There are 2 protein chains.
Amino acid sequence: MHSFTEENYLKVIFHLYQVQEMPVQTNAIAGKLNTRAASVTDMLKKLADKKLINYIRYQGVTLTEQGKLIAIQIIRRHRLWEVFLVEKLNFGWDEVHDIAEELEHVGYQPLIERLDKFLNYPKRDPHGDLIPDSSGEFEIAVQTGLLELAENINAVIIGVTEHSSPYLKHLEKLGLTIGESLLIEGITSYDGTLELDCSGKKISISRKVAQHILVSTKNQ
Amino acid sequence: MHSFTEENYLKVIFHLYQVQEMPVQTNAIAGKLNTRAASVTDMLKKLADKKLINYIRYQGVTLTEQGKLIAIQIIRRHRLWEVFLVEKLNFGWDEVHDIAEELEHVGYQPLIERLDKFLNYPKRDPHGDLIPDSSGEFEIAVQTGLLELAENINAVIIGVTEHSSPYLKHLEKLGLTIGESLLIEGITSYDGTLELDCSGKKISISRKVAQHILVSTKNQ
DNA sequence: AATTTTTTTTAGATTTATCTAAATTTAAAA
DNA sequence: TTTTAAATTTAGATAAATCTAAAAAAAATT
């Protein structure tokens with residue numbers, strides 16, 4: 001089908017586009033893939049030949065419909081495997097990213113469909129990310145960044161946008177895991193530190209930590 | 001660690017050595033890997049440099065202790081994933097080989113140990129092959145080829161040595177699956193066809209089919 | 001608008017795993 | 001034991017993905 005490497009490029013382009021909503025730049029891709037801009041250019045030409053991306057020299061890239069579909073399938077696989085690793089094999093949410101990064105490239109459609117069924121069609125992965133369905137559709141997420149949440153409004157943590165192990169371990173130590181209820185009691189004017197009430201416990205977190213927490217003010 | 005390709009070479013060398021108990025020949029490896037003898041020679045040099053095989057030009061190869069350990073780990077992964085696919089995801093025993101062939105290369109030790117635990121430390125895979133433990137030890141198998149079984153001796157099917165989907169589907173249609181009891185009632189002198197009694201049902205099978213069935217006369 | 005900086009691309013090499021075709025070695029047959 | 005056949009290896013090429021260094025284009029700054 002498509003090589004391991006091609007799949008990774010598509011996935012990264014998808015993620016970067018999600019964040020920026022602008023054509024994705026060569027350097028950004030190189031950064032994410034720990035490779036050099038020159039290597040990225042080579043691969044972009046190849047992906048463009050295969051009509052998986054829209055590529056104009058010096059103008060950055062976007063995914064074609066076909067490219068987007070492939071990227072979403074890989075994201076689906078990644079997230080389903082993460083659910084498996086946490087729920088069935090009892091890994092911590094900070095341990096599963098790298099393993100899923102490998103498992104996501106095992107490409108055999110029925111495997112993923114059966115895994116999905118086995119896991120009882122989960123809606124989100126252990127970090128709160130939405131799992132697209134088999135046709136590539138995402139549910140619409142009603143979510144807010146914690147930094148955008150107004151003071152004294154009840155909310156529930158539904159996800160994180162940073163998956164590194166140190167970050168996730170830190171959150172866990174603070175008791176800030178998915179499903180927890182919280183409320184911003186105040187924001188320190190000097191450095192913006194957030195004073196939270198998390199299920200009765202008082203916690204202070206820096207803006208850097210808060211930046212990657214997603215909350216919902218509905219469905220509590 | 002080791003490349004996908006290197007792992008496949010080691011695995012194939014292990015399997016071929018099991019059958020022949022003699023240094024494995026270049027052509028045999030090429031045949032199993034659908035590649036050319038020249039390519040195999042190239043890779044053998046590389047594996048020899050890494051001290052994973054004992055290689056003397058024109059004399060075939062054997063695995064070193066280190067090479068054997070790696071091969072067995074891959075076989076362990078393969079067989080555990082097969083158990084997962086059949087028992088948890090409800091695939092048929094004829095469907096799992098190729099999927100496991102990919103999953104076996106996801107190399108992260110704790111993943112396999114936890115999978116093993118999740119599956120409740122299975123002893124054999126869905127084809128009856130023994131699963132080595134985490135230190136690479138195989139249980140001693142008390143098994144006989146069906147063609148070596150004497151007439152009128154009760155036996156139980158414990159494995160097959162051929163994993164192709166058409167073969168396994170054929171066995172399934174005949175009702176010859178793992179755990180089934182059988183007895184050779186007679187052997188046709190003309191072409192060696194075996195007349196079996198399998199749990200009361202009378203079945204005739206060719207020597208070609210019988211050749212890949214393993215039975216045990218103990219533990220019934 | 002001209003200059004500097006940043007970003008991206010090209011040109012040319014390198015590495016890994018493969019191949020074909022020819023040469024070599026070993027094994028089998030006459 | 002010579003000859004023939006089979007198996008294996010070498011030599012030289014190719015394709016995928018990467019790299020460095022230099023050139024080119026775009027963006028930012030003066």
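Computation of the quantities below employed the complete heavy-atom set of this structure, encompassing side-chain atoms and omitting hydrogens, waters and symmetry-equivalent molecules. Since the model is a prediction, treat every value here as computed from it, not as a measurement.
Under 4.0 angstrom from either OP1 or OP2 of C/dT10 there lies at least one side-chain N or O belonging to A/Lys45.
Atom pair A/Gln25:CD and D/dA27:C1' shows a separation of 10 Å (rounding to whole Å applied). Atom CG in B/Asp42 sits roughly 12 Å away from atom C1' in D/dA13 (whole-Å rounding). D/dA16 atom P lies 16 Å from atom CG of A/Leu44, rounded to whole Å. Whole-Å rounding puts the B/Asp49 CG to C/dT16 P distance at 11 Å. Across the protein-nucleic acid pair, B/Lys50 atom NZ and C/dT16 atom C1' stand 10 Å apart, rounded to whole Å. In this structure, the CD1 atom of A/Ile56 is 11 Å from the P atom of C/dT9, given to the nearest Å. To the nearest angstrom, C1' of D/dA16 lies 12 Å from OH of A/Tyr9. Rounded to an integer number of Å, the gap from CD of A/Glu7 to C1' of D/dA16 is 15 Å.
Side-chain atoms of B/Leu171 and B/Val209, non-hydrogen and from C-beta on, do get closer than 4.5 Å to each other. Annotation: side chain of B/Ser204 is not in contact with side chain of B/Leu196 (no heavy-atom distance under 4.5 Å).
A salt bridge links B/Arg76 to B/Glu113: one of the charged nitrogens lies within less than 4.0 Å of a carboxylate oxygen.
Looking at heavy-atom distances under 4.0 Å, B/Thr41 makes contact with a base.
Scanning both residues, A/Leu149 and A/Ala155, for their nearest heavy atoms gives CD2-CB, 3.8 Å.
Ring pair A/His163/A/His127 is parallel by interplanar angle, where below 30° counts as parallel and above 60° as perpendicular. Taking the six-membered ring for Trp and thresholds of 30 and 60 degrees, B/Phe118 and A/Phe84 have ring planes more than 60 degrees apart, a perpendicular arrangement.
Each of A/Asp191, A/Ile187, A/Thr193 was checked for a side chain to side chain contact (heavy atoms under 4.5 Å, CB included) with A/Arg207, and the lone residue meeting it is A/Ile187.
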Polar atoms only, N or O, under 3.5 Å: list the protein pairs with nucleotides 21-27 of chain C and their distances.
| from | atom 1 | to | atom 2 | distance (Å) |
| --- | --- | --- | --- | --- |
| C/dT24 | O2 | B/Tyr58 | OH | 3.3 |
| C/dT25 | O4' | B/Tyr58 | OH | 3.4 |

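Relative to the side chain of A/Thr5, the nucleotides D/dT20, D/dT18, C/dT9 differ in distance, and D/dT18 lies closest.
DNA chain C lies under 4.0 Å from at least one heavy atom of each of the following residues of residues 27-35 of chain A: A/Asn27.
Summary of the strand contacts: A/Phe4 and B/Tyr55 both lie near DNA chain D, and taking for each the nucleotide with the nearest heavy atom, the more 5' one is attributed to B/Tyr55.
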